[in-house]
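Here is how names work: the chains are called A, B, and so on, in the same order as the sequence lines, proteins then strands, and each is numbered from 1.
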Protein chains: 2
Amino acid sequence: MSTHAAIAAHANRAVPGYLVSALAISPASGLTAIPPRNPADPLASLGHTKVYEREVTVFSEGDAAGSVFRVMSGMVRLYKMLPDGRRQIIGFLQAGDMMGLAFAAQYLYTAETVTATTIQRIPRLELDALMDAQPAFARKLLSATTSELMAAQDQMVLLGRKTAAEKVATFLLRLSNRKAVAGGDERTIDLPMGRSDIADHLGLTTETVSRTLTKLKSSRLIRILVGGKLELLDHDALADLAGGF
Amino acid sequence: MSTHAAIAAHANRAVPGYLVSALAISPASGLTAIPPRNPADPLASLGHTKVYEREVTVFSEGDAAGSVFRVMSGMVRLYKMLPDGRRQIIGFLQAGDMMGLAFAAQYLYTAETVTATTIQRIPRLELDALMDAQPAFARKLLSATTSELMAAQDQMVLLGRKTAAEKVATFLLRLSNRKAVAGGDERTIDLPMGRSDIADHLGLTTETVSRTLTKLKSSRLIRILVGGKLELLDHDALADLAGGF
DNA sequence: CGGGAGTTTGATCAGGATCAAGGCGAGTGG
DNA sequence: CCACTCGCCTTGATCCTGATCAAACTCCCG
């Protein structure tokens, strides 16, 4: 399922990017001698790639920001915290998504792996050099960032105006959508993150997330599978419930 | 107060941009013969500028998107609606802010004036041409859009995790911050929008906004003035209440 | 197999929404 | 110029969704 073609399709999807822009991952990255300029993935030759364990911190809000990162596989959560510990998860990143892309001296959110994750770290200086060398790449970054902004605006609608059931349904459909475009079974989605992660992403509590999922299960809209997987039994009914993205 | 210097300072502020990026407005724009390329404001010579009355629509969600817009003076609200009419105001735009900047065929939100507003309309083709001609300008747009994204993430924290009082306090401080950087009296801010606009921006109802403002007034943290103005009497106490941006 | 974190379920609480009246002020027309 | 009116804002009473507090269950994981 995570074929190169699938990843490329994902990166070029028409659907707004999910978090900080998805950029094509070179099929060849890491497998062959690195070409100085790979037209398909200009980033491929920059920085280096590292495997992180599950549930570890990649960088923290307030850290000096010298690099940007690209998730190659696995899942990362980005979040901001209020002084008293309340947490808002800004988004979940998957293959192709970038993070840390900002013109600020410090990172403005914390990045932690959810699962074991491969991440490419690119020094800002190298990214800047690439933008200078390839204006088209700067445009690509702009396009990806704009997509992120649109996704962020959808999330505002969700957080500000949707009910608990609508929030959960929307969340499930988004995951399914991402996965569908990335190829793979439409109906079965992965939920590697915990209930409290989902809660902190949707502006709810774990209990409410759990109850809502239970209700969806009772209504035969979803089926909860072992190993953090979930099957969407009635996509249309979920879409009705979600009330638009 | 809205001197050229003030606007320039505003556009270059370190604080994250508020909605879709703030770009320098040329001091000379519209006042002198238009130079073909104004280094201070590369946009100045593009498209044309029009004055809109208060409470009119500039473009609607779903309209074919052929232009981007820049607010030169006045105030605009951007919002998205759910099918049943619930509304989420994405943000309020002021001088220097841009809207409609997306790589999509349709506008993804509706833009309406709050007050009488001067708006520059720039065809996308012209913007694209400018980006081709001046790579530095594309970088500037990227920087502005990234700032917007950061602001959107702050708004997610507000919507998902803050209480009504924290939301209102944060909102007032943001307005004050914008104004402060743009020059002008730190303590007195303009609230040209109605209570229901504020409510739809903060994920509350008009009643709750009104009650919360009344409480802030009783606690001597603010004073509500005639003509949609408001005075911040205790900036520090408000900041405590807001609990971080 | 046992321990423990995460999840589910239950009971109660409370913040903010909803429903319902007044009050106030800015425009409008007489 | 003043009074009226309409829309917005404020205030009050009640309701309800989702939070909080509490406990049992399940499934990993060692």
Side-chain angles (χ1 to χ4, degrees), chain A residues 53-55 77 82 84-89 112 114-116 158-171 190-219 222-230 241 243, chain B residues 53-55 77 82 84-89 114-116 158-172 190-219 222-230 241 243:
Chain A
E53 294 179 1
R54 49 171 262 129
E55 298 293 334
R77 64 172 162 263
L82 291 172
D84 67 354
R86 278 172 289 172
R87 183 178 71 152
Q88 177 66 40
I89 292 185
E112 292 174 353
V114 175
T115 63
L158 180 147
L159 291 169
R161 286 293 175 234
K162 287 192 177 182
T163 64
E166 291 169 336
K167 286 175 174 180
V168 172
T170 304
F171 176 68
D190 238 331
L191 285 179
M193 71 291 282
R195 296 287 182 268
S196 69
D197 282 349
I198 300 174
D200 284 348
H201 185 47
L202 302 181
L204 299 171
T205 59
T206 54
E207 293 95 327
T208 298
V209 170
S210 179
R211 277 187 244 275
T212 305
L213 286 173
T214 301
K215 266 176 231 155
L216 291 177
K217 194 171 55 176
S218 309
S219 319
I222 64 171
R223 197 146 46 123
I224 296 173
L225 309 173
V226 293
K229 293 201 185 300
L230 191 146
L241 231 188
Chain B
E53 295 179 359
R54 49 170 264 130
E55 297 293 333
R77 63 173 163 263
L82 290 172
D84 67 354
R86 279 172 288 173
R87 183 178 71 153
Q88 178 66 39
I89 293 186
V114 176
T115 62
L158 179 149
L159 291 169
R161 286 293 175 234
K162 288 192 177 181
T163 64
E166 291 169 335
K167 286 175 174 181
V168 172
T170 303
F171 176 69
L172 295 179
D190 239 330
L191 286 179
M193 72 290 283
R195 295 290 184 266
S196 69
D197 282 348
I198 299 174
D200 284 348
H201 184 46
L202 302 181
L204 299 171
T205 58
T206 54
E207 293 94 328
T208 298
V209 170
S210 179
R211 278 186 243 275
T212 304
L213 287 172
T214 301
K215 266 176 231 155
L216 291 177
K217 194 171 57 177
S218 309
S219 319
I222 63 170
R223 198 146 46 124
I224 297 173
L225 309 174
V226 293
K229 294 200 186 301
L230 191 145
L241 230 189

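- Whole-Å rounding puts the B/Lys217 NZ to C/dC24 P distance at 11 Å.
- Between the CG atom of A/Leu225 and the C1' atom of D/dT26 there is a distance of 16 Å, given to the nearest Å.
- Regarding A/Leu213, its CG atom lies at a distance of 10 Å from the P atom of C/dT9, rounded to whole Å.
- Nucleotide C/dT7 holds its P atom 13 Å from the CG atom of A/Leu230, rounded to whole Å.
- The line from CG of A/Leu230 to CG of A/Leu216 is 8.5 Å long, rounded to the nearest 0.5 Å.
- If you check D/dT10, C/dC19, C/dA17 against the side chain of B/Leu204, the one that comes closest is C/dA17.
- The interatomic distance linking B/Asp84 (CG) with C/dT18 (P) rounds to 11 Å, in whole Å.
- Nearest nucleotide to the B/Thr208 side chain, out of D/dA19, C/dG16, D/dG18: C/dG16.
- Of the side-chain N and O atoms in B/Thr205, one or more sit less than 4.0 angstrom from OP1 or OP2 of C/dA17.
- Considering only the side chain of A/Ile224, C/dT8 comes nearest among D/dT10, C/dG16, C/dT8.
- In this structure, CD1 in B/Ile224 is found 6.0 Å from OG1 in B/Thr214, a value given to the nearest 0.5 Å.
- The base of D/dT11 has none of its N or O atoms less than 3.5 Å from a complementary donor or acceptor on the side chain of B/Arg195.
- Residue B/Glu207 has its side chain nearest to C/dC19 when only C/dC19, C/dG10, D/dG18 are considered.
- A donor-acceptor pair under 3.5 Å is formed between the side chain of B/Arg86 and the backbone N or O of A/Arg161.
- Each of A/Thr163 and B/Thr214 was assigned the nucleotide of DNA chain D with the nearest heavy atom; the assignment lying further toward the 5' end belongs to B/Thr214.
- Side-chain to base pairing of A/Arg211 with C/dG10: one donor and one acceptor N or O lie within less than 3.5 Å of each other.
- Look at A/Thr206 and you won't find any side-chain N or O under 4.0 angstrom from OP1 or OP2 of C/dT8.
- Along DNA chain D, the nucleotide closest to A/Val226 and the one closest to A/Lys162 are compared, and the more 5′ of them pairs with A/Lys162.
- Of the possible polar contacts, none joining the B/Glu55 side chain to the B/Thr115 backbone as a donor-acceptor pair under 3.5 Å is found.
- Not a single donor-acceptor pair under 3.5 Å links the side chain of B/Ser210 to the backbone N or O of B/Thr206.
- Nucleotides of DNA chain C nearest to A/Arg161 and A/Ser196 differ in position, and the one nearer the 5' end is that of A/Ser196.
- At the heavy-atom level, A/Gly228 lies nowhere under 4.0 Å from the strands shown.
- As rounded to whole Å, 15 Å separates atom C1' of C/dG27 from atom CD of B/Glu53.
- Counting to the nearest Å, the C1' atom of D/dG18 and the CZ atom of A/Arg86 are 16 Å from each other.
- Put simply, CG on B/Leu216 is 16 Å from C1' on D/dC9, counting in whole angstrom units.
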